[in-house]
Amino acid sequence: LWFTKGVGWIEAITGSMYSGKSEELIRRLKRAEFANQNIIAFKHSIDNRYDEKKVVSHSKNMIEAIPVSNVESMKKYVNEMENLDVVGIDEAQFFGQGIVEFVEELANSGKRVILAGLDQDFRGEPFHPMPELMAKAEYVDKFNAICVVCGNPASRTQRIIDGEPAYYDDPVIMVGAKDSYEARCRKCHIVKN
Ligand code: ADP
Ligand code: ZN
């Protein structure tokens with residue numbers, strides 16, 4: 001990519017869980033730092049799996065990030081920063097439809113926006129607003145993880161509740177149940193009905 005100051009665009013990094021989205025986001029943000037660009041990184045505050053104030057990949061690579069729960073908070077931080085060049089957002093799928101307009105405004109005002117987010121939910125359905133963000137983005141990279149069942153490329157995220165594949169209609173938050181996620185290919189991905 002060519003970095004011309006003042007020309008904005010959107011990069012979307014997508015794929016299943018464990019596909020390396022956070023790693024790639026961190027890599028790009030660190031390279032922008034090496035280029036002496038002013039960056040700001042956000043993560044959704046739902047996701048504090050390793051650290052409250054950093055984006056941390058499953059392989060423990062990390063970068064400072066501000067935990068936020070909505071688009072309004074991101075706007076506040078962005079407006080307070082002078083000479084901002086690059087905005088990174090992890091778990092972009094959690095911010096709701098309002099993020100689409102927000103990142104468009106950022107790109108229109110000359111910022112480079114780098115988004116990482118799940119393209120599909122555990123059912124294999126499009127995870128909104130990722131499809132909209134991918135459509136608006138100048139650049140889209142879609143990664144696969146490795147299927148933990150068969151070793152093929154994994155495009156999907158398997159949800160497991162108390163050791164069993166989840167049902168299509170299982171609520172997103174199951175109180176008292178042990179919820180976990182695995183990378184799986186199309187063939188090994190199971191959604192019970
Ligand atoms: P994402 O943000 O897409 O969930 P991360 O960037 O956090 O992914 O983590 C990617 C890393 O996860 C890989 O580099 C690898 O070390 C680790 N990993 C663990 N399980 C798997 C798997 N099934 N397939 C691929 N990578 C995996
Ligand atoms: Zn498989």
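These figures come from a predicted structure and were not determined experimentally. Indexing begins at 1, ligand by ligand and atom by atom, following the structure's order.
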Does D90 reach the main-chain N or O of V55 with its side chain, forming a donor-acceptor pair under 3.5 Å?
no
Compute the minimum heavy-atom distance from S16 to ligand 1 and say whether it is under 4.0 Å.
yes
Could you establish whether G20 and ligand 1 come within less than 4.0 Å of each other, counting only heavy atoms on the residue side?
yes
What protein N, O or S atoms come within a distance below 2.8 Å of the Zn ion (ligand 2), ordered by chain and number?
C147 SG, C150 SG, C185 SG, C188 SG
Nearest to atom 12 (O) of ligand 1 by heavy atom, H58, E182, R184, E91: which?
H58
Quick check: V56 and ligand 1, any N/O pair under 3.5 Å apart?
no
For E23, which residues count as a side-chain contact (heavy atoms from CB on, under 4.5 Å) partner, sequence neighbours excluded?
S57, S59
Results of side-chain contact (heavy atoms from CB on, under 4.5 Å) for F95 - residues two or more places apart only:
H44, V68, V71, M74, I89, I99
Report the part of V148 in contact with ligand 1, treating N, CA, C, O as backbone and CB onward as side chain, heavy atoms under 4.0 Å; options are side chain, backbone, both, neither.
side chain
Mind telling me whether F42 and Y77 have parallel, tilted or perpendicular rings, with 30° and 60° as the class edges?
tilted
Over 60° means perpendicular and under 30° means parallel, so classify the ring planes of Y18 and H58, tilted if in between.
tilted
For R156, the salt bridge (charged side-chain N to carboxylate O under 4.0 Å, His left out) test, sequence neighbours excluded, returns none
Where is the tightest heavy-atom contact between D170 and R159, given as atom of each residue plus distance?
O-NH1, 3.5 Å
Centre of Y168's six-membered ring, under 6.0 Å away, within 45 degrees of the axis: is that where NZ or CZ of R123 sits?
yes
